[in-house]
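By convention in this document, chain letters (A, B, ...) are assigned in the order of the sequence lines, proteins followed by strands, and residues within each chain are numbered from 1. These numbers come from a predicted model, not from an experiment.
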Amino acid sequence: MPADVLRLATWNVNSIRARVDRVVDWLRRGDVDVLAMQETKCADDQFPTMPFLEAGYEVVHCGFNQWNGVAIASRVGLDNVEVGFEGQPSWGKDGTDAKAEARALAATCAGVRVWSLYVPNGRTLADPHYQYKLEWLAALRNTAEQWLRDDPQQPIALVGDWNIAPTDEDVWDMAAFAGATHVSEPERDAFNAMIDAKFTDVVRPYTAGPGVYTYWDYTQLAFQKRRGMRIDFILGSPELAARVTHAEIVKDERRPGKKGDPAPSDHAPVLVDLSR
DNA sequence: ATGTCACTAGCTTAGTGA
């Protein structure tokens, strides 16, 4: 990258241990300065830090077990690390063992406050996980609004797997999602509430649909059949949004390899270039 | 063509989550 550009990316890696070589290889090839990762699927002491260090990246991770897990790798500084956001809801079988999951991690990189976010899936509309998802999003919105009240000029990037397709164009076939999560009105309302709070989708203007996705199910040859969903987003505060010069979805990193090659993640990386 | 993948426990497979 030229010295006046900051390249920031997000990627649901679906297990960092299964894919660390592929991820670090892309960091090099993609000339990425900061990468937020989701679904690392490991505890902190299992995270493969060395390959990142060898490639010139600091890395911070938050993972408690085999589920969820978020990380940030940066070659432009990694300061003021924060695990979880104020008011982040907990999840557990009952009130006693409920605790905040490894779904939110922040660091300041080259002056940009980066939040790596893994929004709860929701599972089904009738599942308690769905209410948890909505509460999680509402809490994030409230807290993020406060960050902007505290400092309206702050460059903030809320990036990750939002597990919401905000418009009908963001899924390959709305009929296939009848009664499903990711497309329901409450979820879309929750996403749009982030937009209303002045965090704008800075990638969509550079990647207009229809047929533009960030995720393709592993089953049923979904990628080959172009059956995907746009659920990974980079939302920027006004200051950050004003600095965006380019954005793209790196679909090639989702492409299945030759037989015998390690499988790709089911998500593609999403990136933005910022002037600095 | 019974074409998804990755995790765990404690197994050579089932259960879970996505």
Side-chain angles (χ1 to χ4, degrees), chain A residues 10-24 26 36-48 51 61-71 89-94 97-104 116-134 136-137 159-165 170-173 176-184 187 190-191 213-233 251-270:
Chain A
T10 185
W11 196 0
N12 178 320
V13 297
N14 185 19
S15 172
I16 192 59
R17 287 179 290 173
R19 244 172 294 288
V20 63
D21 291 345
R22 193 174 181 129
V23 169
V24 172
W26 180 68
M37 289 164 270
Q38 300 83 37
E39 272 209 278
T40 56
K41 286 185 160 176
C42 67
D44 287 346
D45 62 0
Q46 298 173 306
F47 189 92
H61 177 252
C62 170
F64 305 129
N65 51 37
Q66 72 269 42
W67 307 122
N68 315 306
V70 281
S90 299
W91 174 252
K93 283 191 172 67
D94 53 52
D97 72 350
K99 48 178 173 273
E101 297 184 299
R103 294 183 179 275
S116 182
L117 303 169
Y118 180 44
V119 175
N121 174 288
R123 299 178 185 168
T124 67
L125 298 183
D127 196 298
H129 208 257
Y130 178 75
Q131 288 306 318
Y132 168 55
K133 178 181 195 173
L134 296 177
W136 202 96
L137 287 160
V159 313
D161 178 356
W162 292 77
N163 270 320
I164 299 170
D170 298 329
V171 295
W172 61 276
D173 179 10
F177 290 86
T181 60
H182 295 61
V183 298
S184 75
E187 289 166 282
F191 186 86
Y213 310 123
T214 65
Y215 162 86
W216 295 259
D217 196 288
Y218 280 127
T219 67
Q220 306 295 119
L221 296 175
F223 183 82
Q224 292 85 338
K225 293 177 179 172
R226 302 179 184 178
R227 298 177 171 178
M229 307 171 75
R230 189 202 287 256
I231 57 176
D232 300 88
F233 298 96
K251 191 177 172 184
D252 210 46
E253 293 303 313
R254 173 62 183 84
R255 202 173 302 283
K258 299 192 187 86
K259 197 155 72 172
D261 286 353
S265 168
D266 40 6
H267 295 251
V270 179

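Proximity note for Q220(A) (side chain, C-beta onward) versus dT4(B), dA18(B), dC7(B): the nearest is dT4(B). Closest to the Y218(A) side chain, of the nucleotides dT4(B), dT8(B), dA18(B), is dT4(B). For K41(A), the side-chain atoms get nearest to dA6(B) when compared with the rest of dA18(B), dA6(B), dT4(B). The side chain of A263(A) has dC5(B) as its nearest neighbour among dA18(B), dC5(B), dC7(B).
One C1' atom belongs to dA1(B), the other to dA6(B), and the distance between them is 23 Å to the nearest Å. dG15(B) and dG10(B) are spaced 14 Å apart, taking the P atom of each and rounding to whole Å. Atom P of dG3(B) sits at a distance of 15 Å from the matching atom of dT13(B), rounded to the whole Å.
Mapping R19(A) and Y118(A) onto DNA chain B by nearest heavy atom places R19(A) at the nucleotide closer to the 5' end. In terms of position along DNA chain B, the nucleotide closest to P264(A) lies nearer the 5' end than the nucleotide closest to the other residue of the pair P264(A) and D161(A).
Look at R123(A) and you'll find a side-chain N or O under 4.0 angstrom from OP1 or OP2 of dA18(B). Taking only side-chain nitrogens and oxygens, R17(A) comes nearer than 4.0 Å to OP1 or OP2 of dT8(B).
We find that NZ of K133(A) is positioned 11 Å from C1' of dA18(B), with the value rounded to whole Å. Atom CG in D127(A) sits roughly 9 Å away from atom P in dA18(B) (whole-Å rounding). The nearest whole Å value for the distance from the CG atom in D232(A) to the P atom in dA18(B) is 15 Å. Here dA18(B) presents its P atom at 19 Å from CD1 of I16(A), a figure rounded to the nearest Å. Atom OH of Y130(A) is separated from atom C1' of dA18(B) by 18 Å (rounded to the nearest Å). In this structure, the CH2 atom of W216(A) is 18 Å from the P atom of dT4(B), given to the nearest Å. Rounded to whole Å, the distance from NE2 on H129(A) to P on dG17(B) is 9 Å. Distance, E101(A) CD to dA18(B) C1': 13 Å, rounded to whole Å.
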(message) Is there a side chain to side chain contact (heavy atoms under 4.5 Å, CB included) between Y118(A) and N12(A)? Walk through the geometry before answering.
(response) CA-CA 8 Å; Y118(A) 180 44; N12(A) 178 320; 3.9 Å; yes
(request) For the pair F223(A) and Y218(A), evaluate ring-ring contact (aromatic ring centres under 6.0 Å, His included) and give the outcome as yes or no after the intermediate values. (result) CA-CA 8 Å; F223(A) 183 82; Y218(A) 280 127; over 10 Å; no
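Residue-level contact check: S15(A) touches the backbone only, with heavy atoms under 4.0 Å from sugar-phosphate atoms and none from bases.
For H129(A) and W91(A), the gap between ring centers is short of 6.0 Å.
No option in L117(A), T10(A), I16(A) other than T10(A) meets the side chain to side chain contact (heavy atoms under 4.5 Å, CB included) test with Q38(A).
Side-chain atoms of W136(A) and E101(A), non-hydrogen and from C-beta on, never get closer than 4.5 Å to each other.
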